[in-house]
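Just so you know, these numbers come straight off a predicted model, no measurement behind them. Labels below follow one simple rule: chain letters A, B, ... track the order of the sequence lines, proteins then strands, and each chain is numbered from 1.
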Number of protein chains: 2
Amino acid sequence: MEKEIAEEYIALIPTLFDSFSELNKDAAELTHMQNHVIEYIYMQQKALNLKEISAGLNMAKQQLTFIIRDLVMDGYLAKEPDHKDKRAVLISLTPTGKKTQEEKWQNIYHKFHQNLGKLSEEECRDLNFALHKVNQLLKKMERK
Amino acid sequence: MEKEIAEEYIALIPTLFDSFSELNKDAAELTHMQNHVIEYIYMQQKALNLKEISAGLNMAKQQLTFIIRDLVMDGYLAKEPDHKDKRAVLISLTPTGKKTQEEKWQNIYHKFHQNLGKLSEEECRDLNFALHKVNQLLKKMERK
DNA sequence: CTAACTAGTAAATATTTTATTACTAATTTG
DNA sequence: CAAATTAGTAATAAAATATTTACTAGTTAG
């Protein structure tokens, strides 16, 4: 059965890919990497230091120095010293930065909502339950 | 309830993001865009013309001309004329190209399989069923 | 049949991203 | 406490990507 589950999981990724790749369809003001950085911080839901972002996005920290400097100057990100480690700096989204992300997700939200019309009421209930279960169990698998 | 479903769906995307972004972690021989192109064709499971790839990846077709030329030269992609539209060219993966993709997904597969150990047998059954349901219904929503 | 449109190619240019090397200041380890 | 590590910054050169303009050949609409 484990093989079966893994295959279902793998199959899910391409299905979500379209929604995901639409995220930055218009976001024209920022470069790709700038978008990735903001997006990553938004998804992690907490302030991160440079090292963490670098590891999460699989890019050199030297690159981040300048990307983040620009994003701070443009008002999307804020830096604050990390009191636990005085070498480190914590990066977080400003209200402006957070708003831009919320707007992007809002587009996906709308599109999904429209497509929901293609399902019957019973299918909607099933989908709701199944999505909830998947989220819950995948989260559990991630931990530790 | 529709709002609830949409929220579960949105929540699923970041959860899958990690797996997804790991796809090209080592793939060092190709550039980012080259990887994206191969990946996209692989996920669509059929030959695509330049326009479709351009729309799907949200990039100018002019860029694709050269990216695809290089990938053809390196043996990852094959071009064939589209008999239905003599202006167009159909791009598909060569066996080599397909193999590289399968290997990448294999890594995700392995990692997922390991994490499955954190769930009880009952939870595995639930996850299997829920994933299957989600895939089935999301596919249905995509159509037409 | 002609005009308007579309798929793909091409080249020049500007911008972005990557890679390399090196440095400072803070932290951890033995 | 000294030595080794680590977080972040910086400057540079090289490579990749995006943008703009323009062209050819095939298709579609009036």
Could you run down the sub-3.5 Å N/O contacts of the protein with nucleotides 21-23 of chain D?
unit_1 : atom_1 : unit_2  : atom_2 : d
D/dT21 : O4     : B/Gln62 : NE2    : 2.7

Pairs in or reaching into residues 57-82 of chain B: which pass salt bridge (charged side-chain N to carboxylate O under 4.0 Å, His left out), with residues at least two apart or in two chains?
-> none
Take atom CZ of A/Phe66 and atom P of D/dA11, then tell me their distance rounded to the nearest Å.
-> 6 Å
Any residue meeting side chain to side chain contact (heavy atoms under 4.5 Å, CB included) with B/Gln62, in chain and number order, not counting sequence neighbours | B/Ala60
Give me, pair by pair, the N or O atoms of the protein and of nucleotides 14-17 of chain D that are less than 3.5 Å apart, along with how far apart they are.
unit_1 : atom_1 : unit_2  : atom_2 : d
D/dT17 : OP1    : B/His32 : N      : 3.4
D/dT17 : OP1    : B/Met33 : N      : 2.9
D/dT17 : OP2    : B/Thr31 : OG1    : 3.1

Closest non-hydrogen atoms of B/Val134 and A/Leu131, given as atom of the first, atom of the second and distance, are CG2-N, 3.7 Å
Indicate for each nucleotide in nucleotides 25-30 of chain D, in 5' to 3' sequence, whether protein heavy atoms under 4.0 Å reach the base (B), only the sugar-phosphate (S), or nothing (-).
-> -BS---
Residues at least two apart in sequence or cross-chain that pass salt bridge (charged side-chain N to carboxylate O under 4.0 Å, His left out) with B/Lys111, listed by chain then number, are B/Glu22
Taken in chain and number order and not counting sequence neighbours, the residues that satisfy salt bridge (charged side-chain N to carboxylate O under 4.0 Å, His left out) with B/Lys3 are B/Glu7
How would you list, by chain and number, every residue that makes a side chain to side chain donor-acceptor pair (under 3.5 Å) with A/His113, sequence neighbours excluded?
-> B/Glu2
Only counting residues at least two apart or in another chain, list the ones meeting side chain to side chain donor-acceptor pair (under 3.5 Å) with B/Glu52.
-> none
Would A/Lys104 and A/Glu39 pass as an ion pair if we require N to O under 4.0 Å?
-> yes
Return the polar atom pairs (N/O with N/O) between nucleotides 2-4 of chain D and the protein under 3.5 Å, or none.
none

Students should find that the end-to-end axis angle of the helix from C/dC1-D/dG30 to C/dG30-D/dC1, with five pairs defining each axis and rounding to 10 degrees, is 50°
Which of residues 44-51 of chain B have a heavy atom under 4.0 Å from DNA chain C?
-> B/Asn49, B/Leu50, B/Lys51
